[in-house]
Amino acid sequence: MVFTVSPLTQRRLQRFKANKRGMISLWIFLTLFFVSLLSEIIANNKPLLIAHQGSLYFPFLQAYPETTFGGDFTTEADYHDPFLQEKIAKDGWMVWAPIRFSYNTIDYELDQPAPAPPSAKHWLGTDDQGRDVVARLLYGFRLSVLFGLALTLISSVIGIMAGAIQGFFGGITDLIFQRFIEIWSGLPTLYILIILASFITPTFGWLLLIMILFSWMSLVGVVRAEFLKARNYDFVRAAKALGVPSFTLMHRHILPNAMVAALTFLPFILNGAIITLTALDFLGFGLPASSPSLGDIVAQGKANLQAPWLGISAFLTLAILLSTLIFIGEAVRDAFDTRR
């Protein structure tokens with residue numbers, strides 16, 4: 001099967017490529033996201049590869065007991081232990097990640113109290129618990145983007161479906177949906193999260209589910225307006241007269257037109273999802289404290305003003321991430337603009 005691109009799509013792609021700021025932002029975002037996906041290879045407290053007595057081991061993928069490398073204990077090996085390092089060096093070698101700390105690794109060998117300033121060992125210093133800031137930024141960046149993508153995708157699907165049903169059927173269906181959305185959107189989201197956090201330990205899944213309950217309304221208004229407009233087109237009325245099922249009309253004939261408007265909002269919805277997660281983590285109502293979080297680094301920067309590397313690192317990371325998403329969203333909006 002040969003995949004062909006319509007002339008309209010080609011013109012939109014050309015307009016997007018012509019926006020240099022959007023293209024540069026897209027490449028910056030994709031590069032940073034790809035690097036964050038390799039966090040376990042870049043920052044890890046376990047070696048990437050061990051050659052010992054003619055065998056190869058991958059500790060960052062699988063846990064090995066200390067006895068595997070000639071140690072005395074059957075518990076998981078501590079590869080920072082000088083005794084174990086000497087044992088492995090006798091009959092083999094190790095390949096470490098560029099940063100020998102994971103996001104939750106505490107450096108007990110700091111030569112000064114935490115938070116320690118940047119050094120050759122910790123490129124951006126440590127936080128107030130002795131954890132490497134670069135490692136936490138890498139893992140936190142990945143977590144924030146994945147959370148934002150999941151929230152954007154799921155909430156957009158729900159919002160598009162709700163808006164399509166409202167706009168296509170109209171009448172009493174539209175009226176009931178609108179009253180429900182007005183009531184639901186008036187609920188105090190932050191207070192509800194605080195109440196839930198008091199008896200439920202927030203996890204990635206729980207927080208995602210709770211946020212979906214309040215974020216699916218982002219695209220309802222846009223999609224509803226497109227369906228209200230398109231259902232009165234002549235070709236839609238003709239298809240109804242010929243007996244075409246409502247689902248076929250919505251899915252095949254009206255939804256592609258509505259998706260043009262919806263797609264321009266997706267980068268901004270992703271941006272808002274990342275901001276919401278960061279704000280909740282900063283306030284202490286987001287992910288557990290042990291999770292890598294950009295909001296946690298912001299909170300530590302606020303609590304440790306004597307360690308400016310914490311606040312500066314978090315600010316620059318969030319500024320680059322959110323700015324690139326905004327510029328990408330503007331480029332997508334201009335590419336789909338029918339007036340151009």
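Two different hydrophobic clusters hold Phe268 and Ile320 under the rule that ILVMFWY side chains link at heavy-atom gaps under 4.5 Å. Note: the hydrophobic cluster containing Phe327 does not contain Leu321 (ILVMFWY, side chain heavy atoms under 4.5 Å, direct or indirect links). Both Phe16 and Met259 are part of a single hydrophobic cluster, where members link through side-chain heavy atoms under 4.5 Å apart. Both Met211 and Leu187 belong to a single network of hydrophobic side chains, linked directly or stepwise wherever heavy atoms of I, L, V, M, F, W or Y lie under 4.5 Å apart. Hydrophobic clustering keeps Leu124 apart from Leu305 (ILVMFWY residues linked when any side-chain heavy atoms are closer than 4.5 Å, directly or through intermediates).
Judged purely by atom type and a 3.5 angstrom limit, Asn304 has no side-chain atom pairing as donor or acceptor with the backbone of Gln306. Distance alone, capped at 3.5 Å, is enough to place a donor-acceptor pair between the Trp309 side chain and the Thr126 backbone. In this structure, the side chain of His52 does not engage the main chain of Tyr57 through any donor-acceptor pair within 3.5 Å. Checked by atom type and distance alone, the side chain of Arg333 never pairs as donor or acceptor with a backbone atom of Thr264 at under 3.5 Å. Counting only distance, with no hydrogens or angles, the side chain of Ser293 and the backbone of Gly295 share a donor-acceptor pair below 3.5 Å. Although no hydrogens or angles enter the test, the distance criterion places no donor-acceptor pair under 3.5 Å between the side chain of Ser102 and the main chain of Thr105. Here the side chain of Thr248 pairs no donor or acceptor atom with the backbone of Val244 at under 3.5 angstrom. Using modelled atom types, one side-chain atom of Asn271 and one backbone atom of Leu322 make a donor-acceptor pair closer than 3.5 Å. With hydrogens and angles disregarded, a donor-acceptor distance shorter than 3.5 Å links the side chain of Ser39 to the backbone of Ser36. Asn19 contributes a side-chain N or O that, together with a main-chain N or O of Gly22, makes up a donor-acceptor pair within less than 3.5 Å.
To the nearest 0.5 Å, the span separating CG on Leu277 from CZ on Phe282 amounts to 14.0 Å. Rounding to the nearest 0.5 Å places CG of Leu318 at 5.0 Å from OG1 of Thr278. Here Asp128 contributes atom CG and Leu310 contributes atom CG; the two are 7.5 Å apart, rounded to the nearest 0.5 Å. A distance of 11.0 Å separates OG of Ser144 from CD1 of Ile275, quoted to the nearest 0.5 Å. Separating the CD atom in Glu66 from the CG atom in Leu84 is a distance of 5.5 Å, to the nearest 0.5 Å. Expressed to the nearest 0.5 Å, how far CZ of Phe83 lies from CG of Asp78 amounts to 12.0 Å.
Taking 4.5 Å as the limit, some side-chain heavy atom of Ile41 sits within range of a side-chain heavy atom of Phe60. Counting heavy atoms from C-beta outward, Leu219 and Leu266 have side chains that approach closer than 4.5 Å. A 4.5 Å side-chain heavy-atom check between Val236 and Tyr233 finds at least one atom pair inside the cut-off. Between Tyr103 and Leu137, every side-chain heavy-atom pair lies at or beyond the 4.5 Å cut-off. Counting only heavy atoms from C-beta outward, the side chains of Leu287 and Thr203 never approach each other to under 4.5 Å. Put simply, the side chain of Phe141 reaches to within 4.5 Å of the side chain of Thr317, judged on heavy atoms. By the 4.5 Å heavy-atom criterion applied to side chains, Phe101 and His122 are counted as neighbours. In this structure the side chain of Lys46 never reaches within 4.5 angstrom of the side chain of Leu61, judged on heavy atoms.
For the side chain to side chain donor-acceptor pair (under 3.5 Å) with Asp107, the lone residue among Lys121, Gln129, Arg131, Arg100 that qualifies is Lys121. Here the rule is side-chain contact (heavy atoms from CB on, under 4.5 Å) with Ser25, and of Thr324, Ile326, Leu325, Leu30 only Thr324 fits it.
Phe214 and Trp184 have parallel rings, their planes meeting at less than 30° on a 0 to 90° scale where 60° marks the start of perpendicular.
Shown here for Phe58 and Tyr64, the closest heavy-atom pair between the two residues is N-OH, 3.3 Å. Closest non-hydrogen pair, Leu151 versus Ile212, comes out as CD1-CG1, 3.5 Å.
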**Report entry** Stepwise side chain to side chain contact (heavy atoms under 4.5 Å, CB included) check, Asn45 with His80
**Finding:** CA-CA 8 Å; Asn45 62 336; His80 289 267; 3.9 Å; yes
Query raised in the report: Can Asp81 and Gln85 be said to form a side-chain hydrogen bond (donor to acceptor under 3.5 Å, both in side chains), step by step?
Result: CA-CA 6 Å; Asp81 184 1; Gln85 291 181 358; over 6 Å; no
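Salt-bridge formation is detected for the pair Asp174/Arg224: a Lys NZ or Arg NE/NH1/NH2 atom is positioned less than 4.0 Å from an Asp or Glu carboxylate oxygen. By the 4.0 Å N-to-carboxylate-O rule, Glu40 lies close enough to Arg142 to be salt-bridged with it. Salt-bridge annotation for Glu330 and Arg21: present, with a side-chain N of the basic residue lying under 4.0 Å from a carboxylate O of the acidic one.
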